[in-house]
Q: 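Pasting a structure below so you can have a look.
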Amino acid sequence: MSRRKLVVLAQIAALVSIALYLFVYVGFRSATGPLTKVQPLDPLDISPDAILPRQNLTAYVLAILDPTTDTDLATFKCPSLDLNRYKYLQQQDYSASSQPPIRYFFALNLRNCLPLLPRLLGSVLEAIRFLGPASCALSIVEGNSPDGTAEVLAALEPQLSKLGIRTYFTLNMVLDPLGEGSDRFTSLASLRNMALAPLRTTTTPADYTDDATTVLFINDVAICPDDILELAHQRRHQAADMACAMDWTGDPPAAAIFYDSYIARAIHGDLFFEIPAGPSWARATDLFWNEPVSRARFARHEPFQVFSCWNGAVVFTARPVVEGQVAFRASRKDRGECHAGEPELFCKDMWLEGYGRIMVVPGVNLEYTVETGERIKAVKGFASSWVAESDAGTKIEWLPAPDQVKCMPTFDNQSWRPWNDTLA
Ligand SMILES: *[C@@H]1O[C@H](CO)[C@@H](O)[C@H](O)[C@H]1NC(C)=O
Ligand SMILES: *[C@@H]1O[C@H](CO)[C@@H](O)[C@H](O)[C@H]1NC(C)=O
Ligand SMILES: *[C@@H]1O[C@H](CO)[C@@H](O)[C@H](O)[C@H]1NC(C)=O
């Protein structure tokens, strides 16, 4: 037999074994979610200048489609989903021919985060399978990723379409928040809006009058399916407009420092922890040092209201976005608005439009790499570890906006401003 024929035979054999694997393990595995079969992988079209060799690309796609796949890729095991707790979030199964309204809109901005993809997208996909693929959309804006992230997404997209998920994958090479001369927050706001854009073009506001659609905006975090569903559940349970996780940095267990302190403001307008001049992180473990209600609820893993948060993953009502009331933006220097990150301004605009039921769900704890993310789960627990405790608590008593909010263009420059200063 010629060498060429042998190569072709070997390729066919490899594809057949992948197909068999998917049929046996993935097709019959989804014990909790609606029964959705994963179709065998198409032969992946690899361009000659591809970054990832075929076998690596295949490994990523398989690991994302089925997190139990045994690959060399780094990931960690997540708890299985509590069917009873989250069942009411499920959408009825529609026939393949109909296009039900989008009830869960997943939005991600990804850049150069290849090692994270199996855990991150694997969890997103498991949540989508559980919720009902036909009622879910997945919008990913990716760009400037020399590590092969784009190739994995390109190979993944047809697989997701076969599952009935509406996918909107956008490649952006123009906007670069890290690029020279670019205003970082303006670029970041544009990228986030790009991820939300399909929500406004593919739906009608009539769908949203009862807050029926949820946006799940997830950063490049090591997240589990139960984190995603717990955020969605708590938003419904507490009748909140927006629910954020907690995110962490540092070197756990020795030190875990709340990460998103630039964006986050507690319900009385102050930072989550005090940042003395330096800036210094010496007070980082003393969270909500001057806000007793948040402090107590945080300690008991009960959701609590805040002025603003993002913290790696958020879930919010689609309505103000679909109706064009709220979008991501940079601060309005012409009006003297405090220089702030686009997620803080997003929360501020939510408040201005009457969507001030913004909260943190402290049972959901995230980090930005697989390795440290796993250690954070060991220290802070999985979302499912805290559900009994958080269920035992009372519902949030929603408050109006604080009079003043801490303005912090840089960590070393803090002052108080009326929360709605730019309205005047
Ligand atoms: C491809 O996978 C092999 C085996 O896991 C690994 O050693 C190699 O570094 C990977 N190559 C790339 C470009 O990721
Ligand atoms: C501190 O921030 C305020 C408000 O944005 C700004 O007007 C002021 O110039 C800043 N001061 C310094 C020293 O950067
Ligand atoms: C800002 O909000 C306060 C309540 O916090 C309100 O009394 C005031 O009228 C608002 N200012 C403007 C300009 O809307």
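Whatever order the structure lists them in is the order used to number ligands and atoms, beginning at 1. Predicted model, so just to flag it, every value in this text is computed and none were measured.
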Q: Need the ligand 1 atom indices (1-based, order shown) with element for anything under 4.0 Å from a heavy-atom of N56.
A: 1 (C), 2 (O), 3 (C), 8 (C), 10 (C), 11 (N), 12 (C), 14 (O)
Q: Out of all atoms in ligand 1, which are within 4.0 Å of some heavy atom of L52? Include the element for each.
A: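 Here the atoms of ligand 1 in question are 14 (O).
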Q: Please check if any side-chain donor atom of D226 sits under 3.5 Å from a side-chain acceptor atom of S384, or the reverse.
A: yes
Q: Using the test side-chain hydrogen bond (donor to acceptor under 3.5 Å, both in side chains), find all partners of H237 that sit at least two apart in sequence or belong to another chain.
A: none
Q: I'd like to know if the side chain of S139 and the backbone of A107 have a donor-acceptor N/O pair within less than 3.5 Å.
A: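 No; judged by distance alone, with no hydrogens or angles, the pair does not exist.
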Q: Distances under 3.5 Å, N/O of ligand 2 against N/O of the protein: list each pair and its distance.
A:
unit_1, atom_1, unit_2, atom_2, d
ligand 2, 2 (O), N413, OD1, 3.3
ligand 2, 2 (O), N413, ND2, 2.3
ligand 2, 11 (N), N413, ND2, 2.8
ligand 2, 14 (O), N413, ND2, 3.3

Q: If we ignore angles and hydrogens, is there a donor and acceptor under 3.5 Å between the side chains of S145 and D147?
A: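 Looking only at side-chain atoms, D147 and S145 do not form any donor-acceptor pair under 3.5 Å.
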Q: With ring pair (Phe, Tyr, Trp, His ring centres under 6.0 Å) as the criterion, how do F288 and F304 come out once you've worked through the C-alpha distance, each side chain's angles and the decisive distance to 0.1 Å?
A: CA-CA 11 Å; F288 309 107; F304 52 91; 5.0 Å; yes
Q: Are any non-hydrogen side-chain atoms of M359 and I396 less than 4.5 angstrom apart?
A: yes
Q: Against heavy atoms of D403, which atoms of ligand 3 measure under 4.0 Å?
A: 5 (O)
Q: Any idea which atoms of ligand 1 are less than 4.0 Å away from a heavy-atom of D72?
A: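 Counting atoms of ligand 1 from 1, those under 4.0 Å from D72 are 5 (O).
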Q: Please tell me whether C309 and C244 are bridged, where bridged means their SG atoms are separated by under 2.5 Å.
A: yes
Q: For the backbone of K333 and the side chain of S331, can you confirm whether one donor and one acceptor N or O come within less than 3.5 Å of each other?
A: no
